[in-house]
Amino acid sequence: MARGSDPVTILKGVGSARAKQLAQLNIFTLRDLICHFPRGYEDRTKILTISQLQPDVPACFRAMVMNTPRTSHIRKGLDITKVRLGDHTGYISATFFNSRYAQQLEYGREYIFYGAVSGDFVGYGITNPVFEDPHGPAAATRRVMPIYPLTAGLSNSVMAKTVAQALAICDPPEEILPEAIRKEYDILPAERAYFAIHQPQSMEEAEQAKKRMVFEEFFVFSAGLSLMRAARAEKTVPPYENLNLTPFYESLPFALTGAQERAVGDIRRDLGKGAPMNRLVQGDVGSGKTMVAAAAMYLAAVNGKQAALMAPTEILAEQHYRSLNALFAPLGISTGLLTGSMTAKQKAQVREDLAAGRIRAVVGTHALLTDATAFQNLSLVVADEQHRFGVAQRARLSAKGMDPHLLVMSATPIPRTLALLMYGDLDVSILNQMPPGREKVDTFLVGESYRARINAFIRKQAEGGHQCFVVCPAVEQSEGLDIKSAALWADTLRQTVFPDLKVALLHGQMKGGEKEAVMASFARGEADVLVATTVIEVGVDVPNATLMVIEDADRFGLSQLHQLRGRVGRGKDKSYCILTTRNRNPETVRRLKTLCQTNDGFRIAEEDLALRGPGDFFGARQSGLPAFRVADLSFDLETLKQAQAAAAQWIDRYGASDGKEAAALRERIGELFQRAEGTMN
Ligand code: ADP
Ligand code: MG
């Protein structure tokens, strides 16, 4: 018996070339092979007659070779072998390209073939069918064939054989699901499931095997979150002694909303408790999350500690830095900024100040938590837009031996099941109230025929001293894709539509410093129109902007459009959002109209989820989640719910034990989170 950790090269037929191909797929050991699951299956179990074959539907049939195969050499590198096949229902001609095996087909013998017939009025034929001896093993016909993710030079049949070899000499990963749970949720035992996922007897068995793997993955993940939560609850940190927020409140230009006050109250209680805080603040765009974070950072600073705020983009980091610095400087709290695009010298200076404790509150991107950054006494980490600061990073922080208070802030309302998956280990405060005086952003959906009116409206805003965002789905025009690009559209507006206005351009491919300069200049009111891509999506705050035009709005998800719309209506003036689309699909139009009807982020998110499924819903934001191997959020919600329930049962029963079951599961949890880590950044 071989071991799971043995290299693939111990298998027959796997030399260094094949090992390199496998490495392309991250397969190095026998265990990796066994865990390389098919992405789908072909049902080759039924044997049809020639007359039953349907054009373009692949199937197995048993047929006799009716003549001696004839091979013609067409040109260098192209040999064609033709042979006639028949059974009691009819005949069919088969054509093979460059097949040495086909030349060995024997006249008068029967084989099982698998392939799809195709053809025209000249007659049906079949090209490159797979075939094998009806008396030999069922390797490529008469079975459910697993279809594997592959890489150049590696064929599916070689992959299937290699995996089968590994399974034959090496035990699959051990069982981690207790029998009681398997019974209750109708889950195959591990050993059977691993065989069945690679070599199912039927499509039903393949389905069951897949369900087991998905269940297991969600189970491990959910149990991991619960254990993380439990482990953190056991940790102790010195409680903050100074919990007086009065000076902070007094320096604010406005009174906090009731919801903000409640969230700050939750945080204040957490920080005084003596255990690390793990809190999510969830609130729609514009609900004022930054001030809640600022209150927490203020408390860290006045307790002689350091706080770090991490933003998903440099633009946002810079903006937060500006507002926090304005707030904190009069309170005697030194604030710093650290982003990837600063010069090495600037970065070194900030790092030195952080290490010496001269900076109490620092704002930055993920660069903030690299090994190069040492803090004097980091006590609070705030993550803005938690999707990009997922479980994996949280795990990484604790792995570094750091257990700072954590505050994550999210503007994306997420239905409860998914919420558990994203942040099942966090406590939650919800900002369900907008700062006073906010008027609803009036939203319109229009087609190209409104272009002149849109332009006139932009001009009207500019003449009133206000600013306007124009968001395009692409940076540059790409061939064959008819969508507006920011670069081209900015040129058009500048040269032909608004030669007398200031039109600025902002997109993700610009350098960090450039982006910041454009954004800062726009925030100072130096441009009337900012043409941008979705880099402005998260958090950017320009209260003087009163109009958001989104070009080709059908290219965006509803939640994303809602986020974009949240960039206006942040000041006291009436604001508008215009969605343009050239798409007339009634379903698309209906979907976009949701935005005209409501400003409620939760309703929009639910509509988005119902329409697109959770996989798409998270889209690019999904990076905070682990890389599930088999589980696919878009259709495994039901299994996710079951696995979550099962994980809760498991934790109740074995959570604290250090028996065999617990050890095996913990190991699996470690692997999953590590893999999540590998896919980050
Ligand atoms: P988000 O929740 O989207 O991060 P921000 O924190 O950026 O929202 O706040 C949006 C705007 O509302 C900012 O201009 C901020 O200064 C302002 N704001 C926040 N809280 C209040 C409040 N209690 N009263 C008035 N304005 C507020
Ligand atoms: Mg924000």
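Worth knowing before you read on, the calculation uses all heavy atoms, side chains too, and leaves out hydrogens, waters and symmetry mates.
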Q) Would you find a donor on one side and an acceptor on the other, under 3.5 Å apart, between the side chain of His405 and the backbone of Leu380? A) no
Q) Below 4.5 Å, heavy atoms only, C-beta onward: do Asp284 and His562 meet side chain to side chain? A) yes
Q: For the pair Gln433 (side chain) and Ser287 (backbone), establish whether a donor and an acceptor sit closer than 3.5 Å, ignoring hydrogens and angles.
A: no
Q: Return yes if a side-chain donor-acceptor contact under 3.5 Å exists between Asp600 and Thr598, otherwise no.
A: no
Q.
When you measure from the side chain of Ser226 to the backbone of Ser222, do you find a donor-acceptor pair of N or O atoms at a distance under 3.5 Å?
A. yes
Q.
If we ignore hydrogens and angles and just use 3.5 Å, is the side chain of Gln346 paired with the main-chain N or O of Thr343 as donor and acceptor?
A. yes
(Q) Nearest 0.5 angstrom please: Lys347 NZ to Leu337 CG, how far? (A) 11.0 Å
(Q) For the CZ atom of Arg322 and the CG atom of Leu327, what is their distance to the nearest 0.5 Å? (A) 15.0 Å
Q) What distance separates Met291 CE from Phe254 CZ, expressed to the nearest 0.5 Å? A) 4.5 Å
Q. In terms of side-chain heavy atoms, does Thr365 have a donor or acceptor partner in Glu314 at a distance below 3.5 Å?
A. no
Q: Keeping to residues at least two apart or across chains, list the salt bridge (Lys or Arg N to Asp or Glu O under 4.0 Å) pairs with something in residues 355-366.
A: Glu352-Arg358, Asp353-Arg358
**Q.** Side chain Gln260, main chain Thr257, donor-acceptor under 3.5 Å
**A.** yes
**Q.** Note: Lys289-Asp384 ion pair, threshold 4.0 Å (strictly below)
**A.** no
Q. Do any N or O atoms from the side chain of Asp528 and from the backbone of Lys502 form a donor-acceptor pair under 3.5 angstrom?
A. yes
Q.
When you compare the side chains of Thr339 and Tyr321, does any donor N or O come within less than 3.5 Å of an acceptor on the partner?
A. no
Q. What residues form a side-chain contact (heavy atoms from CB on, under 4.5 Å) with Ile430, not counting sequence neighbours?
A. Gln282, Val428, Asn432
Q) Is the side chain of Asn377 donor-acceptor paired with the backbone N or O of Gly304 at a distance under 3.5 Å, no angle test? A) yes
(Q) For the CG atom of Leu579 and the CG atom of Leu595, what is their distance to the nearest 0.5 Å? (A) 6.0 Å
Q. Roughly how far, to the nearest 0.5 Å, is the CG atom of Leu338 from the CG atom of Leu354?
A. 7.0 Å
(Q) Can you confirm whether the side chains of Asp266 and Ser429 place a donor and an acceptor under 3.5 Å from each other? (A) yes
Q. Are Glu216 and Arg668 within salt-bridge range, i.e. N to O under 4.0 Å?
A. yes
(Q) Would you compute the distance between atom CG of Asn599 and atom OG1 of Thr443 and round it to the nearest 0.5 angstrom? (A) 5.5 Å
Q | Summary of side chain to side chain donor-acceptor pair (under 3.5 Å) pairs that have at least one residue in residues 290-306, sequence neighbours excluded | A | none
